[in-house]
Amino acid sequence: MNQTTDTLVPTSSAPDAEGGPRRYFVTSFGCQMNVYDGERMGEMLAAQGMEQADAREDADLVILNTCHIREKAVARVYSDIGRLRREDGSKPMIAVAGCVAQAEGEEIARRAPSVDIVVGPQAYHRLPQLIEQARLNPSGSRTAAIDTDMPAATKFGALPARARQPRPSAFLTVQEGCDKFCTYCVVPYTRGAEISRPFTDLVEEAKALVDGGVREITLLGQNVNAWMGDDDKGRSRGLEGLIATLADIAGLERIRYTTSHPNDMTDALIAAHAEIPQLMPYLHLPVQSGSDRILKAMNRSHDAASYLAVIDKVRAAKPDIALSGDFIVGFPGESEADFQATLDIVRAANYAQAYSFKYSPRPGTPAADMEDQISPEIMDERLQRLQELLGAQQHAFNAATVGKRTRVLLERQGRKPGQLIGKSPWLQSVHVIDPAAKLGDLIDVEIMSAGPNSLEGAALALVTA
Ligand code: SAH
Ligand code: SF4
Ligand code: F3S
């Protein structure tokens, strides 16, 4: 229909047609699955005609994609919400997504009335409708548009196809949720029951990513190694079957997966590390504690010996594998002897890199009500001792690569002029200055020096551009 200026009427309900947001900005906290969700939310809004803002201040829709895993992560969300009000008193439309949204729901809008939308991790495909609903809510009405449903059909089918990626390395969520119910952990409550995405959907998404310039894919799941599915011939496959199929995609140079549970580390997956060259020599396998008594109280369903036995098998298949882990210090009832057992398992396992946390009691989890909670002072002191040991192991792992030739996928610009930063097969950050190289190239470098967190490399040869 042709319109003249004097008869201008709104003709569409697209987000920007009637004063809805035009520019979005997503900030993701927490795990890589949240980062993946944040990217998919952005891609969905872009497909609706919105633009990604360069900075949060330029956005008229800010999505805080939150994490509920520890108390500190949650506190940060509320301070961030407060900071979104501008000097002139105005504010962007604010959406709280992710695990805090799921865990706290309406409570968020009560505590922070400037929040317009609350959307859980399994409901974000309905973000466009929620934006519309929030736009229609009268300003200052203190009514938020809330959706924390966990629908039986997953959100993935309702999302647009993957867009071209800005970086050569991408995430791909293959499995979501958790049925393990470790007694300290909120994930089974915030992400729901374990589901595996269908094999063919994943192969299709991986191909779309590679078509869009991606050369490395990290398969994600809270228990990624519990992934199961039927392949295109109807055969039931585990994660190794999916990895083997993805390895056949031309142009996909590297495959990684995280996070794995020790009990789901099958022989077939371990063998894949020896058999599939694209599968990188890195394994994130959290143990949490080295004390069998504490592991039992945590409901981890493995003990220290069975964990070390898994590591032995993995190293037999792939001797140079870089091992990573997660640790919690100060779980209720943890004695000095229990903590010593954690130091012992660290010495026995020998990590290339690891994450360690002070136990944080989470509302609604069984451990929060356990007796004998550990004092903050003891937790601080134990964390420091553990991190000293883990830091020394990481430094030793990095130092052992000095003088060696290694392959690096260049992923981003460094801070120094001409500097590029990439990853080694063992997930170490490698800094190189090579005027001939560009982001996305796979190059061979010689490692010249090693710091605690990164390596300096000298470029030797381009492998593939
Ligand atoms: N699914 C993975 C990771 C879950 S969350 C696994 O099973 O290991 C990431 C890490 O956060 C956990 O491995 C654990 O080390 C830590 N974590 C989870 N809940 C915590 C809590 N209540 N306090 C402190 N650390 C916690
Ligand atoms: Fe949380 Fe345990 Fe599940 Fe990991 S396995 S997500 S720590 S409940
Ligand atoms: Fe955090 Fe949720 Fe991930 S609680 S660690 S964002 S699954």
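Counting starts at 1 for both ligands and their atoms, in listed order. Only this structure's heavy atoms are used, side chains among them; waters, hydrogens and symmetry mates stay out. On a predicted model such as this, the values are computed, not experimentally measured, just so you know.
Side-chain atoms of R56 and T27 include a donor-acceptor pair closer than 3.5 Å. No hydrogens or angles considered: a donor-acceptor pair under 3.5 Å links the side chains of Q353 and Y355. Looking only at atom types and distance, the side chain of Q129 has no donor-acceptor partner in the side chain of Q133 under 3.5 Å away.
Closest to atom 7 (S) of ligand 3, if we only count protein heavy atoms, is Q222 NE2, 3.0 Å. Regarding atom 4 (S) of ligand 3, its nearest protein heavy-atom neighbour is H68 N, 3.2 Å. Looking at atom 3 (Fe) of ligand 3, its nearest protein heavy atom turns out to be C31 SG, 2.3 Å. Of all protein heavy atoms, the one closest to atom 1 (Fe) of ligand 3 is C67 SG, 2.4 Å. Nearest protein heavy-atom contact of atom 2 (Fe) of ligand 3 is C99 SG, 2.2 Å.
Protein residues having at least one heavy atom under 4.0 Å from any atom of ligand 1 are I69, R70, Y184, Q222, T259, P286, Q288, R300, D326, I328, F357, K358, Y359, S360, R362, listed by chain and number.
Of the candidates R382, Q387, Q288, S356 forms a side-chain hydrogen bond (donor to acceptor under 3.5 Å, both in side chains) with just one, namely Q387.
Between Y359 and F331, the ring planes are perpendicular. Angles over 60° get that label, and only those under 30° would be called parallel. Ring orientation note: the planes of Y351 and F327 are nearly perpendicular, at an angle over 60° on the 30°/60° scale.
Remark: R76 fails to qualify as a cation-pi partner of F29 under the 6.0 Å distance and 45° angle criteria applied to the six-membered ring.
Of all heavy-atom pairs spanning V310 and M265, the tightest one is CG1-CG, 3.6 Å.
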Please determine whether salt bridge (charged side-chain N to carboxylate O under 4.0 Å, His left out) holds for the pair K91 and D116, giving the CA-CA distance in whole Å, both sets of side-chain angles, and the decisive distance to 0.1 Å. CA-CA 11 Å; K91 66 160 200 73; D116 302 282; 2.6 Å; yes

Starting from the C-alpha separation in whole Å, work towards a yes-or-no answer on salt bridge (charged side-chain N to carboxylate O under 4.0 Å, His left out) for K423 and E253. CA-CA 13 Å; K423 289 275 159 54; E253 307 280 349; over 6 Å; no

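Centroid-to-centroid, the aromatic rings of F357 and Y184 stay 6.0 Å apart or farther. The aromatic ring centres of F181 and H261 sit 6.0 Å or more apart.
More than 12 heavy atoms of other residues, nucleotides or ligands lie within 6.0 Å of CZ in R86, so this atom counts as buried by the packing criterion.
Near N34, with a cut-off below 4.0 Å to any heavy atom, the atoms of ligand 3 are 6 (S).
Around atom 2 (Fe) of ligand 2, protein atoms of type N, O or S found under 2.8 Å number 1.
The closest approach between a heavy atom of M33 and any atom of ligand 3 is not below 4.0 Å.
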